[in-house]
Number of protein chains: 2
Amino acid sequence: MREAHHAECPMDSLLRLLMGPWTSYIIWVLRNEGPTRFGELKRKVSGISAKVLTERLRMLEGAGLLTRHHEPTIPPQVTYALAPRGEELRGILDTLNSVALRWRAEDQTQQGQIGGDKTADSCMPAADKPAAAPADSKTVSA
Amino acid sequence: MREAHHAECPMDSLLRLLMGPWTSYIIWVLRNEGPTRFGELKRKVSGISAKVLTERLRMLEGAGLLTRHHEPTIPPQVTYALAPRGEELRGILDTLNSVALRWRAEDQTQQGQIGGDKTADSCMPAADKPAAAPADSKTVSA
DNA sequence: AATTTCAGTTACGAAAAGATAACTACTTTA
DNA sequence: TAAAGTAGTTATCTTTTCGTAACTGAAATT
């Protein structure tokens with residue numbers, strides 16, 4: 001009964017595709033880093049499990065947003081890259097990103113600049129951000 | 001641990017806002033029908049529960065995408081409408097919709113037109129689609 | 001010979017989200 | 001007096017999703 005409402009709406013499907021906890025982030029990485037191998041992707045996203053990464057990757061591949069190139073060497077090499085449709089999405093994602101950024105900026109200005117100049121252009125500075133706990137995310141906090 | 005990955009990414013938050021099972025549909029209705037009351041909205045979406053509708057509405061209101069006008073008459077009248085930010089989103093939603101539509105069309109053409117001319121411009125034809133059970137959604141089926 | 005690496009898969013438990021139904025207050029209508 | 005309608009809230013149950021950990025195979029490494 002989860003897909004009985006209006007799943008036939010194309011926009012909704014697309015939105016649903018883009019949403020999951022890591023999905024847009026994966027596309028972002030692929031878009032910034034170019035073709036990336038599974039392990040590297042897993043390292044880049046830093047926090048995702050192999051299971052969910054595989055899941056998302058398969059979903060995205062099924063939707064034609066990215067391609068999977070499997071080199072059947074013995075340490076197998078699987079490389080993921082943005083497919084034409086994934087590239088097409090870049091524009092929308094960029095727009096979405098700039099709108100979100102602007103709104104955040106507006107909110108901050110309205111409240112009186114608390115954080116200084118947090119005017120980063122995305123969540124992907126491409127070469128830093130160890131993403132919280134470097135390698136020990138299993139510190140129970142609940 | 002569900003929001004520990006990269007929730008601070010503005011685009012991701014926006015995407016997450018837009019995603020829920022009914023969210024984009026609600027915005028779509030508001031966009032096409034203009035200001036709408038709770039009960040009417042619930043009827044229009046046809047299948048959503050009051051609980052989830054309230055939840056989504058509150059979320060959307062909190063994000064500044066829509067406004068809630070509460071008229072404290074005795075049969076209370078609560079009207080929801082798109083806020084400026086909601087209007088701003090219309091363009092993106094339209095783009096997203098057209099891309100999704102085009103992709104679907106491409107897929108259908110590639111497979112040989114099975115369904116005839118399903119070239120509807122959205123999931124919201126604005127004036128028809130009784131959407132399954134017309135007014136009796138409490139027929140127990142479980 | 002045992003371990004490591006790659007790219008996953010599988011099983012299992014926990015947590016979040018959603019569905020359903022019952023209930024609220026108050027007035028108007030029958 | 002009883003029922004219906006408004007806009008929800010609350011509680012409970014079920015479904016789905018997510019995270020963790022263990023496991024796969026085969027070659028290269030130690």
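Below, read A as the first sequence line, B as the second, and so on, with proteins coming before strands; counting in each chain starts at 1.
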d([atom1], [X]; [atom2], [N]) in whole Å:
{"X": "A/L17", "N": "D/dT17", "atom1": "CG", "atom2": "P", "result": "13 Å"}
{"X": "A/R16", "N": "D/dT16", "atom1": "CZ", "atom2": "C1'", "result": "13 Å"}
{"X": "A/K42", "N": "D/dA21", "atom1": "NZ", "atom2": "P", "result": "11 Å"}
{"X": "A/L41", "N": "C/dA7", "atom1": "CG", "atom2": "C1'", "result": "12 Å"}
{"X": "A/L57", "N": "C/dG8", "atom1": "CG", "atom2": "P", "result": "7 Å"}

By the definition salt bridge (charged side-chain N to carboxylate O under 4.0 Å, His left out), identify the one residue from A/R37, A/K44, A/R43 that meets it with A/E40.
A/K44
Ionic contact status for A/R16 with A/D12, cut-off 4.0 Å
yes
Before accepting this row, confirm whether a basic side-chain N of the pair A/E87/A/R90 lies closer than 4.0 Å to the acidic partner's carboxylate O.
yes
With sequence neighbours left out, write down each residue that passes side-chain hydrogen bond (donor to acceptor under 3.5 Å, both in side chains) with A/E55, or none if nothing qualifies.
none
With a cut-off of less than 4.0 Å, is there a side-chain N or O of [X] near OP1 or OP2 of [N]?
{"X": "A/W22", "N": "D/dT17", "result": "no"}
{"X": "B/R43", "N": "D/dT6", "result": "yes"}
{"X": "B/R37", "N": "D/dA7", "result": "yes"}

Supply the atom-to-atom distance A/H70 NE2 to A/F38 CZ, rounded to the nearest 0.5 angstrom.
12.0 Å
Sub-4.5 Å side-chain heavy-atom contact between [X] and [Y]:
{"X": "A/L89", "Y": "A/L18", "result": "yes"}
{"X": "A/Y80", "Y": "A/L60", "result": "no"}
{"X": "B/Y25", "Y": "B/I48", "result": "no"}
{"X": "A/M59", "Y": "A/T23", "result": "yes"}

Which atoms of nucleotides 9-13 of chain D (N or O only) lie under 3.5 Å from a protein N or O atom, and what are those distances?
unit_1	atom_1	unit_2	atom_2	d
D/dT9	OP1	B/R58	NH1	3.0

Does anything in residues 61-82 of chain B come within less than 4.0 Å of DNA chain D? Heavy atoms only, and list the residues if so.
B/R68, B/P76, B/Q77, B/V78, B/Y80
